[in-house]
Amino acid sequence: MFSVLFPGQGSQSVGMGKKFYENFDYVKSIFEQADDILNNSLSKIILDGPKEIIDLTENTQPAIFLVSYSIYEVIKRETNFNLNNAKFFAGHSLGEYSALACAKSLSFEQTIKLLQSRGRFMQTAVPKGEGGMLAVLGSEIEIINEIINKKDNLKCYVANDNSVGQIVVSGLINSITLLSEELKNKNIKFIKLPVSAPFHCPLMSKSTKEMREEILNTEFKNPRVSIVSNVTAKPVNNYEEI
């Protein structure tokens, strides 16, 4: 029994997927299809950068999906490993969209358009350069919340409970800086994430409203493999629930 997992934002790098692009003509076609759909040279951004451009959320989200989808296609076509026999598909944040596309709940075109919109909405919810995220290592949510709540007017929030020992905090950059100093004082390890906005927290409320409209106007299908929801951590296979 196995599951298929798709990465989220923060995993991007310039040149990701390049060997797949160079070695498989159909991957090159998928990249070209993405460029045509988005009316943007996403391929060039992925393959050549620069880093500050691929790190912009409106580019990062469709870029990670495009590379994830391409790698999925290579595994599906070039190996005898039947990915449809997976118990679950799941993805971290935008990776859930990759999971939905590969499970045929959404088409490739629907997904990359949704992620372009999602990235743009999330990018503009907070002014550029004013938000950020930290991955806090080896601590617990209660401790992090206690630190945040003790500081007056600290605009940061626990955003993701990724696993035992890894919590992600989102917030305004000044608040993230103050939190970093406090974590250093307490010898709590953290990593600044390569993202350009404070995701998965109340600062994204504007983008939530905008994205809701996009989703309501998108036709979903029942996925071929159950999707583990980021919201509930439970499997779902009904398109209405998705």
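Quick caveat, the model's predicted, so the values are computed rather than measured. What's counted below: heavy atoms across the whole structure, side chains too, no hydrogens, waters or symmetry copies.
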Legend entry - Test item: F31 and D36 side chains (from C-beta on) under 4.5 Å apart, heavy atoms: no
Legend entry - Nearest-0.5 Å distance that lies between atom CG in L5 and atom OG in S3: 6.0 Å
Inset, instruction - Compute whether any side-chain donor of one residue and acceptor of the other, for T57 and Q9, lie under 3.5 angstrom apart. - result: yes
Inset, instruction - Under the side chain to side chain contact (heavy atoms under 4.5 Å, CB included) rule, what do E181 and L178 come out as? Steps first, then yes or no, please. - result: CA-CA 5 Å; E181 292 169 0; L178 289 171; 3.9 Å; yes
Legend entry - Side-chain donor or acceptor of N145 paired with backbone N/O of V158 under 3.5 Å: no
Inset, instruction - Taking atom CG of N153 as the centre, report whether more than 12 heavy atoms of other residues, nucleotides or ligands fall under 6.0 Å from it. - result: no
Inset, instruction - Please name all residues satisfying salt bridge (Lys or Arg N to Asp or Glu O under 4.0 Å) with D35, sequence neighbours left out, ordered by chain then number. - result: none
Return all side-chain donor-acceptor pairs below 3.5 angstrom for residues 207-214, not counting sequence neighbours, or 'none' if the list is empty.
residue : atom : partner : partner atom : Å
S207    : OG   : M204    : O            : 2.7
T208    : OG1  : M204    : O            : 3.1
E210    : OE2  : K206    : NZ           : 3.1

Legend entry - pair Q61-Q116: side-chain heavy atoms closer than 4.5 Å: no
Legend entry - Connected via hydrophobic side-chain network under 4.5 Å: I191 and L134: no
Legend entry - Residue pair V169 / N160, side-chain heavy-atom distance below 4.5 Å: no
Inset, instruction - To the nearest 0.5 angstrom, please state how far the NZ atom of K192 sits from the OG1 atom of T177. - result: 7.5 Å
Inset, instruction - Determine whether I173 and L193 fall in the same hydrophobic cluster, where Ile, Leu, Val, Met, Phe, Trp and Tyr are linked whenever their side-chain heavy atoms lie under 4.5 Å apart. - result: no
Inset, instruction - Quick one: pull up CG in L154 and CD1 in I147 and give me the separation to the nearest 0.5 Å. - result: 10.0 Å
Legend entry - Contact summary for A90 and V228, nearest pair of heavy atoms: CB-CB, 3.9 Å
Inset, instruction - Tell me, with the steps shown, if L100 and T111 meet side chain to side chain contact (heavy atoms under 4.5 Å, CB included). - result: CA-CA 8 Å; L100 289 166; T111 308; 5.8 Å; no
Inset, instruction - Test S163 against Q166 for side-chain hydrogen bond (donor to acceptor under 3.5 Å, both in side chains), laying out the working first. - result: CA-CA 5 Å; S163 66; Q166 192 192 93; 5.2 Å; no
Inset, instruction - Could you state whether I45 and I64 fall into the same hydrophobic cluster, counting links through intermediate Ile, Leu, Val, Met, Phe, Trp or Tyr residues with side-chain heavy atoms under 4.5 angstrom apart? - result: yes
Inset, instruction - Can you see which heavy atom on I112 is nearest to which on L38, and at what distance? - result: O-CD2, 3.8 Å
Legend entry - Geometric cation-pi criterion K221 and Y239, 6.0 Å radius, 45° cone: no
Inset, instruction - Measure the shortest side-chain to side-chain distance between I53 and N59 over non-hydrogen atoms and say whether it is less than 4.5 angstrom. - result: yes
Inset, instruction - Enter the distance from S139:OG to E146:CD here, rounded to the nearest 0.5 Å. - result: 10.0 Å
Legend entry - Sequence neighbours excluded - salt bridge (charged side-chain N to carboxylate O under 4.0 Å, His left out) pairs with any residue from residues 88-113: E109-K113
Inset, instruction - Using a 4.5 Å cut-off on heavy atoms from C-beta on, say whether the side chain of F20 contacts that of I71. - result: yes
Inset, instruction - Give the intermediate values and the outcome of side chain to side chain contact (heavy atoms under 4.5 Å, CB included) for residues L66 and L42. - result: CA-CA 9 Å; L66 174 56; L42 185 62; 3.9 Å; yes
Inset, instruction - Not counting sequence neighbours, which residues clear ring-ring contact (aromatic ring centres under 6.0 Å, His included) with F24? List them please. - result: Y26
Inset, instruction - Taking the side chain as every heavy atom from C-beta outward, state whether I227 and P235 have any atom pair closer than 4.5 Å. - result: no
Inset, instruction - Assess whether atom CG of N85 is packed by more than 12 heavy atoms of other residues, nucleotides or ligands within 6.0 Å. - result: yes
Legend entry - Residue pairs involving residues 62-74 (criterion salt bridge (charged side-chain N to carboxylate O under 4.0 Å, His left out); sequence neighbours excluded): E73-K76, E73-R77
Inset, instruction - For residues V126 and P198, report the shortest heavy-atom separation together with the two atoms involved. - result: CG2-CG, 3.8 Å
Legend entry - Heavy atoms of other groups near E219 CD, more than 12 under 6.0 Å: no
Inset, instruction - May I ask whether V164 and I167 are part of the same hydrophobic cluster, defined by side-chain heavy atoms of I, L, V, M, F, W, Y residues being less than 4.5 angstrom apart, directly or through others? - result: no
Legend entry - Nearest heavy-atom neighbours spanning I176 and C156: CD1-CB, 4.2 Å
Inset, instruction - Would you kindly confirm whether L137 and I188 end up in one hydrophobic cluster when ILVMFWY residues are joined by side chain heavy atoms under 4.5 Å apart? - result: no
Legend entry - Whether over 12 other heavy atoms sit under 6.0 Å from N39 CG: no
Inset, instruction - Would you name the heavy atoms of L47 and V14 that are closest together and state the gap between them? - result: O-CG1, 3.9 Å
Legend entry - Heavy-atom donor-acceptor pair, T60 side chain to I54 backbone, under 3.5 Å: yes
Inset, instruction - Taking the side chain as every heavy atom from C-beta outward, state whether F220 and S105 have any pair of such atoms under 4.5 Å apart. - result: yes
Legend entry - Shortest non-hydrogen contact between A125 and L203, atoms and distance: CB-O, 3.9 Å
Inset, instruction - Assign the ring pair F6 / F89 to parallel, tilted or perpendicular, where the plane angle (0 to 90°) is split at 30° and 60°. - result: perpendicular
Legend entry - Set of residues satisfying ring-ring contact (aromatic ring centres under 6.0 Å, His included) with respect to Y69, sequence neighbours excluded: F65, F108
Inset, instruction - Determine whether S229 and T232 make a side-chain contact, defined as any pair of heavy atoms from C-beta on separated by less than 4.5 Å. - result: yes
Inset, instruction - Could you grab the distance from atom OG of S107 to atom CD of Q110, nearest 0.5 Å is fine? - result: 3.5 Å
Inset, instruction - Starting from the C-alpha separation in whole Å, work towards a yes-or-no answer on side chain to side chain contact (heavy atoms under 4.5 Å, CB included) for V225 and L83. - result: CA-CA 9 Å; V225 178; L83 294 166; over 6 Å; no
Legend entry - N162 side chain to H92 side chain, donor-acceptor N/O pair below 3.5 angstrom: yes
Legend entry - Pairwise distance CZ(F199) to CE(M122) - rounded to 0.5 angstrom: 5.0 Å
